[in-house]
Amino acid sequence: MKKRLQTFLFWFILIQPFLDIYWLSRPPLLKFSIPTILRVLGVFIAIILFFSIKNNWQRFRKQWWIIAYIGVLILYSICHLISVKNFTGVDATGFHYSAKVEIFYLVRACLPLIVIYITSYSEFQAKYFFRVIQGISAIYSLTIVISNLFLFSLTSYHTTEAKRISANIFSWFTQTNYPFNVLASKGIFFQANTLSAILFMIMPIMLYVLYKEFNLLNIVLVSTQALAMLMLGTKVGNFGLIISLVVFLLVFLTHSLILKNTKFSAKFLITLICILAASAAIFPYSPTLRRSSLESGVAQKRSNLGDKEKLDQELNAGLERYKGKKQEEYLKEFIKKNYWVYSLKHDLVLEHYTYQNDPYYWLEVMKRPANERLNYRHLEKDILSRVMKNDKNKLNKLFGISFSRENNIAPLERDFLAQYYSMGILGVILLDVIYLFVLGYGIFYWLFNKKARSFLNSSLLLSGGFILFAAFYAGNVLEYLSATLVMAFILGFLLQNIRYSRYAEISSK
């Protein structure tokens with residue numbers, strides 16, 4: 001039965017890239033995407049296989065802290081659903097809150113935590129763990145690179161429609177007239193930022209595999225993944241590539257020259273430096289840098305728009321001319337016609353937090369400097385903060401305003417903060433801080449247990465640290481099971497390794 005569980009975990013994690021294909025996620029089935037439904041069923045099967053093993057059930061019954069955590073989580077979920085139901089705001093629809101979506105989200109948020117627990121006790125062998133990571137890297141990276149070269153890749157900066165790139169990587173060096181958003185490639189997958197975080201996460205493990213099994217296949221896989229991360233054209237993909245290569249180089253030198261628990265390999269070091277040098281040489285031509293220069297130029301141009309100065313005068317005159325309800329109607333009509341001149345994001349103004357419901361908020365935003373109006377992440381946070389304050393529910397800080405509303409109002413691209421608005425402080429502690437706790441647990445034993453201070457554990461810790469950093473910095477990680485399930489598998493394997501190290505220490509005393 002244990003073998004069945006290991007085999008199921010192997011294939012379940014390996015198929016995650018296939019469940020991330022764009023057309024499977026759109027349109028959704030009954031408001032839930034088909035991949036999400038399959039992932040829920042997959043974790044449910046893993047639970048059955050896990051507890052069909054007698055030792056696992058006996059161990060679980062003795063782990064009172066796990067049982068207590070489950071009890072608290074159930075109690076929190078009930079309180080959360082009651083709290084978010086009693087919501088008052090400027091939108092008559094309650095920002096399209098759905099109890100069914102909220103319950104499903106709570107279930108979905110628990111899936112990675114279950115995978116961590118099951119993997120940590122699955123006795124998963126290292127060689128099969130490496131094959132899973134190699135498979136994920138190959139599927140994502142080869143698809144991105146091949147689709148870019150043959151021009152059938154989807155662009156990274158469109159999720160609402162399937163738009164293809166206009167040119168491949170060779171045009172980066174020969175033509176400068178292409179905008180960044182028609183060059184960045186995400187293959188046939190759904191969310192580029194999530195994909196960037198996944199590749200950022202698994203790069204340290206791929207480099208470790210290259211060190212342990214130094215051959216042409218692994219050189220090609222790592223090189224292809226590096227190229228794919230550049231092609232993605234996201235900050236996490238591009239800067240994450242350079243960060244992961246440099247940090248891993250330092251970790252390798254630390255283990256081989258200072259800790260001396262890893263054999264020094266000149267051929268691995270030379271290969272790593274060559275990949276880093278090639279990546280650094282291509283990086284200045286990437287869509288990421290084109291985007292950065294474009295955004296700074298746009299902010300400068302729009303701050304000096306002649307039309308805006310005339311419109312400001314017209315707006316001020318209109319606001320003085322009208323009072324009360326007439327002033328509000330005038331303001332709504334003005335925003336509807338001219339929001340684009342003020343560099344306001346159309347979906348935020350027209351759909352998510354519409355000017356019809358809170359025109360005076362958008363008036364205040366229009367008076368801000370251009371660089372602040374163009375900082376959409378800050379604006380999304382500002383909107384969510386306003387919604388939370390407008391609702392008189394004093395429990396919002398503890399239980400949030402619901403995932404349904406947060407996602408409909410302004411899906412914030414900064415994890416932990418997004419979860420705070422949707423699930424509250426208690427939700428963040430119970431559902432998200434767990435990942436930080438597991439990582440911190442691993443770091444603690446790495447520091448204070450010599451047997452846990454292996455090169456493999458260092459690579460796994462880097463992997464977990466990288467994706468949690470990406471979640472905090474860029475978001476689009478904790479809300480996507482394609483990322484969190486792979487992260488959970490890696491963190492579970494880390495816990496298994498730490499446990500083996502602890503047993504080895506105890507038996508040696």
Side-chain angles (χ1 to χ4, degrees), residues 89-93 95-96 155 157-161 163 176-182 184 235 287 289-391 405-414 417 421 475:
V90 295
D91 187 88
T93 67
F95 298 105
H96 303 285
T155 62
Y157 292 96
H158 291 91
T159 56
T160 56
E161 55 184 317
K163 286 191 175 183
T176 58
N177 56 332
Y178 284 113
F180 72 92
N181 56 354
V182 300
K235 290 181 179 179
L289 290 194
R290 292 194 188 202
R291 181 185 184 185
S292 299
S293 59
L294 176 67
E295 287 177 343
S296 60
V298 167
Q300 184 63 35
K301 287 180 182 178
R302 292 186 179 179
S303 63
N304 298 316
L305 274 178
D307 287 348
K308 181 181 176 302
E309 293 179 4
K310 292 179 181 178
L311 286 172
D312 283 342
Q313 296 174 4
E314 179 186 328
L315 175 61
N316 291 331
L319 292 174
E320 291 179 5
R321 188 182 314 123
Y322 302 107
K323 300 298 179 184
K325 191 68 177 176
K326 287 186 176 180
Q327 184 188 73
E328 184 176 330
E329 291 302 320
Y330 167 80
L331 179 57
K332 288 180 181 179
E333 190 63 25
F334 182 90
I335 295 172
K336 180 181 178 181
K337 290 181 179 179
N338 304 298
Y339 72 89
W340 59 275
V341 179
Y342 291 84
S343 307
L344 301 180
K345 197 175 183 182
H346 72 277
D347 57 340
L348 280 179
V349 181
L350 303 181
E351 300 171 19
H352 294 297
Y353 193 68
T354 170
Y355 69 94
Q356 294 280 5
N357 290 330
D358 198 353
Y360 288 99
Y361 168 76
W362 288 111
L363 173 63
E364 189 271 323
V365 172
M366 287 156 59
K367 293 180 179 180
R368 297 177 185 177
N371 62 331
E372 290 187 25
R373 298 194 305 272
L374 282 166
N375 189 344
Y376 298 133
R377 291 190 178 187
H378 176 75
L379 194 58
E380 289 165 350
K381 174 183 175 297
D382 194 39
I383 290 171
L384 289 168
S385 179
R386 185 177 180 87
V387 170
M388 184 176 278
K389 287 178 181 177
N390 285 341
D391 180 29
R405 294 192 183 96
E406 185 269 333
N407 203 50
N408 289 328
I409 297 167
L412 192 62
E413 292 187 272
R414 177 152 292 181
L417 188 59
Y421 285 111

The reported gap from CD1 in I335 to CD in Q356 (rounded to nearest 0.5 angstrom) is 9.0 Å
| message | Counting C-beta onward and ignoring hydrogens, is there a side-chain heavy-atom pair between V387 and E406 closer than 4.5 Å? | response | no
- Step by step, would you call H346 with W340 a side-chain contact (heavy atoms from CB on, under 4.5 Å)? CA-CA 7 Å; H346 72 277; W340 59 275; over 6 Å; no
**Asked** So do M366 and L315 actually touch side chain to side chain, heavy atoms under 4.5 Å?
**Response** yes
Donor-acceptor contact present, side-chain R377 to main-chain R414, <3.5 Å: no
So L344 and R373, side-chain contact (heavy atoms from CB on, under 4.5 Å) or not? Walk me through it. CA-CA 6 Å; L344 301 180; R373 298 194 305 272; 4.2 Å; yes
Applying salt bridge (Lys or Arg N to Asp or Glu O under 4.0 Å) to E329 and not counting sequence neighbours gives K332
Notebook entry, point to check: Heavy atoms, side chains only, cut-off 4.5 Å: are L331 and L363 in contact?
Noted result: yes
* Asked: Distance-only, no hydrogens or angles: does the H352 side chain make a donor-acceptor pair with backbone N or O of N408 under 3.5 Å?
  -> yes
Interatomic distance, OG@S385 vs CD@E380, rounded to 0.5 Å, equals 13.5 Å
message: In terms of relative ring orientation, are F95 and Y353 parallel, tilted or perpendicular, with 30° and 60° separating the classes?
response: parallel
Walk me through whether E413 and Y376 qualify under side-chain contact (heavy atoms from CB on, under 4.5 Å). CA-CA 9 Å; E413 292 187 272; Y376 298 133; over 6 Å; no
_Min side-chain heavy-atom separation Y339-K345 under 4.5 Å_ = no
message = Treating N338 as the side-chain partner and V341 as the backbone partner, does any N or O pair qualify as donor plus acceptor under 3.5 Å?
response = no
**Asked** Between K381 and L384, does a side-chain contact (heavy atoms from CB on, under 4.5 Å) hold up when you go through it step by step?
**Response** CA-CA 5 Å; K381 174 183 175 297; L384 289 168; 5.9 Å; no
Heavy atoms, side chains only, cut-off 4.5 Å: are P287 and Y178 in contact? no
| task | For the residue pair V349 and Y342, establish whether any side-chain heavy-atom pair is separated by less than 4.5 Å. | result | no
Answer yes when D358 and R386 have at least one side-chain N-carboxylate O distance shorter than 4.0 Å, and no when they do not.
-> yes
Residue pairs meeting side-chain hydrogen bond (donor to acceptor under 3.5 Å, both in side chains), one or both in residues 315-324, sequence neighbours left out, come to none
Note: T155 and V182 closest approach over all heavy atoms is CG2-CA, 4.2 Å
CD1 (I409) and CE (M388) are apart, to the nearest 0.5 Å, by 9.5 Å
Examine the side chains of Q327 and Y360 and answer whether a donor and an acceptor come within less than 3.5 Å of each other.
yes
**OP:** Salt-bridge test for D382 and R368: reply yes if a basic N is under 4.0 Å from a carboxylate O, no otherwise.
**Re:** yes
Side chains of I383 and Y361: does their closest heavy-atom pair fall under 4.5 Å? yes
